[in-house]
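This structure is a prediction, so every number in the text was calculated from the model and none was measured. In what follows, chains carry the letters A, B, and so on, assigned in the order in which the sequence lines appear, proteins first and then strands, with residues in each chain numbered from 1.
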2 protein chains.
Amino acid sequence: MNDRQRARYQARADILKALAHPTRLFVVEELSRGERCVCELTEMVGADMSTVSKHLALLKRAGIIVDDKRGSQVFYTLRMSCVLNFLSCAEKVLKADARDRAAAAR
Amino acid sequence: MNDRQRARYQARADILKALAHPTRLFVVEELSRGERCVCELTEMVGADMSTVSKHLALLKRAGIIVDDKRGSQVFYTLRMSCVLNFLSCAEKVLKADARDRAAAAR
DNA sequence: GCCGCACTTGGCGAGTTGGCCAAGCGGCCA
DNA sequence: TGGCCGCTTGGCCAACTCGCCAAGTGCGGC
């Protein structure tokens, strides 16, 4: 694995890393239903607004969501909706594991 | 977000986290071409064998790959090949970013 | 049995992440 | 213009990650 290759994999890993957090997955799924302001997301997540804001900044830097300032509010929108496909695969992994554990227990 | 929901998102996040590392992405892609033993992967990655072994253990625990001990060697195989779809989406994100940056610079 | 090989595990240091608190910043209304 | 509101940023600490080294395990050949 040379430097060029490593950089390519690093770039992809950064995107996955941006999604690899329960709060951020929740936000992505919620944004898939339409735009939301920080205050709405904060309430849904149930954490400090500063914490949510940092998660949003991270997702934005990764290019997954975009922000739109309107007056004193900031609305976020999902930009790369294909990330939702990740979740269906993750679900498959979980289901396969559950099946295997059940089979092993039997 | 209640505890039950949080657990669901946590489980998904764990799978994404398992993939969110350049070395592990490389391994996954390599295994998509067929089974490989630890020594082969170690050489390709160019890191210590103990390091590679830990990455493999992590991917295995996440349910993404499976191992098959044969004599003194251990061969790993991709179990959830759908994770490859992740990469095509990651690529899309990167392309979109490159395009936007080019547009902004213009 | 014992050595060597392939691999895993434990441990350590350096760097990163995630949460809250507190402070800062910009828009809006009185 | 002063103060509130929505949001972001900086600081801090605890927890986690990643890499290497060293030690341990288990199979196979001599």
Which of residues 1-14 of chain B have a heavy atom under 4.0 Å from DNA chain D?
none
What orientation do Y9(B) and F26(A) show, parallel under 30°, tilted 30 to 60°, or perpendicular over 60°?
perpendicular
Rounded distance in Å - NE2 (H21(B)) to P (dG15(C))
16 Å
Which of residues 43-71 of chain B have a heavy atom under 4.0 Å from DNA chain D?
A47(B), D48(B), S50(B), T51(B), K54(B), H55(B), G71(B)
Measure the distance from CG on L19(A) to P on dT17(C) and round it to the nearest whole Å.
15 Å
For dG6(D) and Y76(A) - does any side-chain N or O of the residue sit under 4.0 Å from the phosphate oxygens OP1/OP2?
no
Nearest 0.5 angstrom please: L16(B) CG to L25(A) CG, how far?
5.5 Å
With the side chain counted from C-beta on, respond yes when L78(B) and I64(B) share a heavy-atom pair under 4.5 Å apart, and no when they do not.
yes
For residues 41-58 of chain A, pull every pair meeting salt bridge (Lys or Arg N to Asp or Glu O under 4.0 Å), keeping only residues two or more places apart or in separate chains.
none
Heavy-atom side-chain contact between R36(A) and M44(A) under 4.5 Å:
yes
Once rounded to the nearest 0.5 Å, what's the spacing between atom CG of L59(B) and atom CE of M80(B)?
13.0 Å
Quickly, which of L19(B), V45(B), L58(B) forms a side chain to side chain contact (heavy atoms under 4.5 Å, CB included) with R24(B)? Name it, please.
L58(B)
Enter the distance from F75(A):CZ to L41(A):CG here, rounded to the nearest 0.5 Å.
10.5 Å
Rounded to whole Å, CD of Q73(B) lies from C1' of dC7(C) at a distance of 10 Å
